[in-house]
Amino acid sequence: MEMYNRMLNHFGPQHWWPGESEIEMMAGAVLTQNTSWKNVEKAIGNLKGKGILNVEGIRNMPADMLAEEIRPAGYFNIKAGRLKNLINFIVERYSGDVDLLLEEKTEALREGLLSVKGVGAETADSILLYAARRPVFVIDAYTYRILNRHGLVEDQIDYYGLQSLFKDNLPEDEALFNEFHALIVRTGKDLCRGKPLCDSCPLKGWEKINTAVLN
DNA sequence: CACCAGGCAAGTA
DNA sequence: TACTTGCATGGT
C-alpha cells in the first residue's frame, strides 16, 4: 500500500469514471487501445451526439460510417470493426442485453470478452473493473513502465505476471483497484519521457527496492 | 521533424 | 514460444 499511498498523497483521489453508462465504458475500453483518453473523448462525444452510443445504434451503423464517427480516436477502421464485434457478441449471446451480460460470473464474463476479436487482456479487464465493477486489477503500459523503471520487475514480465503481483499483495477490493489504476495512469503521465525517471515522480527514490511496497 | 498515447491480431520462424 | 508489423489521429 505504500505505493498507493504515495501516489494518493501526491495527486489526491482521481475518482475516475470512464463513462456515464456501461456501454460507454465498454466502448471507451476499446477506443482507448494505444490511444490517449483525450482523443477517445472526442470519439465518444461524436457517438453520443449521433445518439448511437447503445447496442442498436452501433449494430445498425455500417462499419465505414461508424469509423468516421470515431476517427479522432485513431485506428478508426480497426476499432469500428472491434466495436461491432463486441456488440454482435452481446446481441448473439445475451439478446443485446448489457445488464444480462454484466451479470455473468467474473471468470465466465472474462472468457466471453476475450473470445471477441479485438478484445485482449487489458480491454477485457477494464470492462470487468469499470463496467462490471469486479475486483480485477487492470495492467497497462504505464503499470509496466513505472514498475520496470523503478527496478521492481524484469523487462520480460508479461501481463499476467504483473497482474498477479498486485492481486497477490493487495486486498481484493474493487474500489481500491479502481483508484489504484487511476493513480498509476496519473503518475505515468507525469513521468518524463525520454528519461529513466522523473524528478517530480511521487515514487522517486524507489530504485531497486522490492515489491513489499505493494503490501 | 520525431515520438508517443490507458493494444490487439496476424504473420513469421 | 518469441518477435515483428499494421493500424492512424492528435498532442508535445
Side-chain angles (χ1 to χ4, degrees), chain A residues 3-4 7 11 13-19 24-47 63-89 110-132 134 136-149 153-163 165-166 174 176-198 200-201 203:
Chain A
M3 177 180 181
Y4 177 77
M7 295 190 294
F11 293 113
Q14 302 298 297
H15 35 74
W16 233 26
W17 205 242
E24 181 174 338
M25 290 185 266
M26 294 173 74
V30 170
L31 293 173
T32 198
Q33 290 168 359
N34 206 41
T35 302
S36 70
W37 187 257
K38 193 156 206 169
N39 292 340
V40 174
E41 284 180 323
K42 294 175 188 168
I44 294 279
N46 289 346
L47 296 177
D64 58 336
M65 292 179 66
L66 183 59
E68 283 309 307
E69 301 302 330
I70 63 172
R71 177 180 283 273
Y75 306 115
F76 48 83
N77 287 314
I78 293 288
K79 287 176 180 175
R82 290 178 178 178
L83 281 178
K84 289 185 81 70
N85 290 346
L86 182 56
I87 264 53
N88 287 339
F89 166 73
R110 192 169 198 281
E111 286 281 316
L113 290 169
L114 288 176
S115 75
V116 177
K117 292 296 179 190
V119 177
E122 182 181 340
T123 305
D125 287 343
S126 295
I127 291 171
L128 285 165
L129 177 62
Y130 291 107
R134 307 302 169 83
V136 172
F137 203 97
V138 176
I139 302 300
D140 58 15
Y142 288 138
T143 315
Y144 170 76
R145 193 180 311 157
I146 290 171
L147 294 190
N148 186 47
R149 283 184 178 179
V153 299
E154 304 294 318
D155 294 353
Q156 322 83 265
I157 193 165
D158 66 6
Y159 187 93
Y160 295 103
L162 281 165
Q163 191 173 46
L165 199 59
F166 288 92
E174 175 263 322
L176 171 67
F177 289 177
N178 181 323
E179 186 61 34
F180 208 137
H181 181 241
L183 284 165
I184 284 175
V185 172
R186 179 59 191 274
T187 303
K189 284 178 178 169
D190 259 38
L191 283 179
C192 300
R193 299 186 202 179
K195 288 184 185 174
L197 295 170
C198 175
S200 64
C201 179
L203 307 179

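Predicted model, so just to flag it, every value in this text is computed and none were measured.
- The side chain of A/R71 contributes no N or O atom lying less than 4.0 Å from OP1 or OP2 of C/dC7.
- A/F166 and A/F180 have perpendicular rings, their planes meeting at more than 60° on a 0 to 90° scale where under 30° would count as parallel.
- Rounded to a whole Å, the CG atom of A/N77 is 12 Å from the C1' atom of C/dG6.
- Atom NZ in A/K79 sits roughly 18 Å away from atom P in C/dG6 (whole-Å rounding).
- For A/E179, there are no salt bridge (charged side-chain N to carboxylate O under 4.0 Å, His left out) partners at least two apart in sequence or on another chain.
- Between the CD atom of A/Q156 and the P atom of C/dA2 there is a distance of 10 Å, rounded to whole Å.
- At the heavy-atom level, A/K42 lies under 4.0 Å from the strands shown only through sugar-phosphate atoms.
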For every nucleotide of nucleotides 7-13 of chain B, 5' to 3': is a protein heavy atom under 4.0 Å from its base (B), only from its sugar-phosphate (S), or from neither (-)?
BBSS---

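- Spacing of P atoms, C/dT4 relative to B/dC4, comes out at 16 Å, to the nearest Å.
- A search for salt bridge (charged side-chain N to carboxylate O under 4.0 Å, His left out) contacts involving A/R110 returns A/D125, not counting sequence neighbours.
- By the salt bridge (charged side-chain N to carboxylate O under 4.0 Å, His left out) test, A/R71 pairs with A/E68, sequence neighbours left out.
- Applying the side-chain hydrogen bond (donor to acceptor under 3.5 Å, both in side chains) rule to A/S126 yields no partners; only residues at least two apart in sequence or on another chain are considered.
- If you take atom P in B/dA10 and the same atom in C/dA8, they sit 15 Å apart, rounded to whole Å.
- Under the salt bridge (charged side-chain N to carboxylate O under 4.0 Å, His left out) criterion, A/E111 pairs with no residue, sequence neighbours left out.
- Separating the P atom of C/dT5 from that of B/dC3 is a span of 15 Å, rounded to the nearest Å.
- To the nearest angstrom, P of C/dG6 lies 17 Å from CZ of A/F76.
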